[in-house]
2 protein chains.
Amino acid sequence: MSTTGRGLHGRVLDTLGPEITAGDYPPGSVLRTDELAHRFDVSRSVMREVVRVLESMHLVESRRRVGVTVLPTREWNVYDPQVIRWRLAGADRPRQLRSLTVLRSAIEPVAAGLAARHATAEQCAELTECALGMVANSRGHRLEGYLFHDMAFHRVILNASGNEMFARLGDVVAEVLAGRTHHDVMFEDPDPAAVTLHVQLAEAVRERDAARAEKLTREITEGALQELDILAP
Amino acid sequence: MSTTGRGLHGRVLDTLGPEITAGDYPPGSVLRTDELAHRFDVSRSVMREVVRVLESMHLVESRRRVGVTVLPTREWNVYDPQVIRWRLAGADRPRQLRSLTVLRSAIEPVAAGLAARHATAEQCAELTECALGMVANSRGHRLEGYLFHDMAFHRVILNASGNEMFARLGDVVAEVLAGRTHHDVMFEDPDPAAVTLHVQLAEAVRERDAARAEKLTREITEGALQELDILAP
DNA sequence: TGTGACGTATAAGTCTGACTTTTTGTTCGC
DNA sequence: GCGAACAAAAAGTCAGACTTATACGTCACA
C-alpha cells in the first residue's frame, strides 16, 4: 500500500518522513545529511535525494552551512498524498481525520452537483451498482464489503464531477472512510439512513437533479461530521 | 517569486517541470537521466535529485531498464503549489483557473462559516481593515491596491477557519485572484456589488453569524464563477 | 508454430572520494 | 564598540566505477 517504491531511497523516506510529520523533530530542529546517511547506513547520494523530496514537500529546508531544518506544520504540503498517509499513520491521526472530514463536507456536495450535470451513462450505472452493493452489505457485520462499495461510490462521484481537483481527492476520501471503519467508530452495522441517502443520491445523479444531489450529499457529509462530534456548520 | 532556491538543482527543475506540466512530453514518453543531465549540462547526481522530486509529484515514474516515464495528468499531484504555479504559467492556464475557481466555490463558503465561529478578535479586525481597503480602492483604476486587499481578505478568512487544509489554499486563492486581475477579465473597476458583499462578510464574521457568512461567501464565489462563464451549481 | 527458459544488454540505482561554494561566527584591528 | 577579514562547517557539485533489476531477443523443445 505504501506508494514509495522498492529502492533504498524509498525505504529511508518511509522512515524519516513519518518521523518528521509525527513531530519527533520539533520545528527548527537541524539535521545533518551526513549524520542521517550514517544513521540509515546509506550513501550521501541517497540521503541527499531523500532530503530533496522532503524539501519539495516543504517538510524541511536545506541551507548551506546550517543543515536541514525542520519547518513548522504551517509550511507543509498537507495535500500531498504521501504526507496525508504519514500523518494518518501517526499520533495526530484523529486531528487529521477531522480536518479531512471537514474538507469532505465542503467538496463533496459541490462535486455531487457537478456530477449530476456531467456524469456519463456508464458512471450513473457504476453509481447505482455501488449503492446496491452498499445495501447488500448493510446488515450482518459485512463492514468490509460495505466499505468497499462506499469508497467506490464516492470515488465515482468525485470523478464524475469533471473537475480534476475534486477527482484527485478520491484517495483522501477513501482513506477517511477506511479510517472510520477500521479504527474509530462503526463497530456495528452502518446507519440505515446513510444507506438510503446513497441510493437516493445515485438516483438524483441519474435524473440530472443537481440541486437534490447536492442537498443529499450535504446530509451524508453532515452525518460524517456528527460522528466525529464536529459542530455542523 | 519562484519557490525553488538558487541551486543548480532548482534551475533545472524550473525548466523541466514546466515543460512536463505543459505537455511537451506526452504521457508515456520516456526520458533518460543521462540524456537530461547532458542536455542541462549538470552531473547525474543533480539530475537524479531532480527526477526524484518530479517523481514525488507523480509527474514522472522512474523504472529500471526503461527510464523516466511521463505520467498521465490524472496521476499528477495537482495540489502541489509548485505544480499549480507551473500549470498556471503554461498553456492550459484558463482551464486551470476554472478548476481552481470551482474549488474555491466549494471551499470558501464553508471556510467562512467556520471563520465566523472561530475567528479571533484580531482576525476580525484584519478582515474589516481589508474590506475597508477594498472599498478605498474600488474606484479610479486602483486595481493593484484592490487586489492586494482582496487577496489578504480571503487569506484571513481561510486562516480563521481553523482548518489547516483550508488555510493552505490561501496561496491558491491569491493566485486565482491575481490571475483574474492581471490576465483575464477586470479591465475596469471591480463590481460594486462584490465590494459590498465583502464588507458585509466581514460584518457577519465579526457578529459570529455563521449562516450569513456562508451565504455571503457563496454569492461572492458565484460571481467569480459567472465571470468565467461557469454554470452556477 | 507456439511456448517457455535462458542470456544479454540497458538504464537506473548505489557508493566513494575529492573538490567547490556559500554562509555563519569569530577574531582581530581600528 | 564596530566593522572587516578570516576560518570552519555543511551543503552542493562532480566524475567514475560498480551493482542490480528487468525488458527483450534468442534458442531449444514440444
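Below, chain A is the first sequence line, B the second, and so on; all start at residue 1.
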Would you mind telling me which of [options] lies closest to the side-chain atoms of [X]?
X	options	answer
A/Arg32	C/dA12, D/dA10, C/dT16	D/dA10
B/Arg63	D/dA23, C/dT14, D/dT13	D/dA23
A/Arg44	C/dA12, D/dC14, C/dA18	C/dA18
B/Arg65	C/dG13, C/dT24, C/dA9	C/dA9
A/Leu8	D/dA15, C/dT14, C/dA12	C/dT14

Atom pair distance, as rounded to whole Å: [atom1] in [X] and [atom2] in [N]:
X	N	atom1	atom2	answer
A/Arg48	C/dT14	CZ	C1'	15 Å
A/Met47	D/dG12	CE	P	12 Å
B/Phe40	D/dG12	CZ	C1'	19 Å
A/Leu54	D/dA11	CG	C1'	15 Å
B/Arg11	D/dT13	CZ	P	8 Å
B/Arg52	C/dG13	CZ	C1'	8 Å
B/His9	C/dT22	NE2	P	17 Å
B/Asp34	C/dT14	CG	C1'	14 Å

**Request:** Would you please test B/His154 and B/Asp150 for side-chain hydrogen bond (donor to acceptor under 3.5 Å, both in side chains) and show each step?
**Result:** CA-CA 6 Å; B/His154 289 274; B/Asp150 196 11; 3.1 Å; yes
**Request:** With DNA chain D as reference, determine whether B/Val66 or B/Val42 sits nearer its 5' end, using the nearest nucleotide of each.
**Result:**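 Per heavy-atom nearest nucleotide, the more 5' residue is B/Val42.
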**Prompt:** Charged N to carboxylate O under 4.0 angstrom, B/Arg52 versus B/Glu55?
**Reply:**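 Looking at B/Glu55 together with B/Arg52, the answer is yes, because their closest N to O distance falls below 4.0 Å.
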**Prompt:** Hey, are B/Arg104 and B/Glu227 close enough for a salt bridge, meaning a charged N less than 4.0 Å from a carboxylate O?
**Reply:**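 Between B/Glu227 and B/Arg104 there is no salt bridge, as every charged N stays at least 4.0 Å from the carboxylate O atoms.
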**Request:** Could you tell me whether the side chain of B/Tyr79 and the main chain of A/Met165 form a donor-acceptor pair under 3.5 Å?
**Result:**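 Looks like yes, one N/O pair under 3.5 Å.
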**Asked** For B/Ser62, which contact category applies under a 4.0 Å heavy-atom criterion: base, sugar-phosphate, or nothing?
**Response**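 Result for B/Ser62 = sugar-phosphate.
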**Message:** Any heavy-atom pair between the side chains of A/Phe166 and A/Val110 that's under 4.5 Å?
**Reply:**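 Answer yes - side chains close enough.
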**Message:** If you compare every side-chain N and O of B/Ser45 against the phosphate oxygens of D/dT13 (OP1, OP2), does one of them come in below 4.0 Å?
**Reply:**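 For B/Ser45, the contact criterion (side-chain N or O under 4.0 Å from OP1 or OP2 of D/dT13) is not met.
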**Message:** Let's test your reading of the model: under 3.5 Å, does the base of D/dT20 pair with the side chain of B/Arg64 as donor and acceptor?
**Reply:**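 By the distance-only test, yes, there is a pair.
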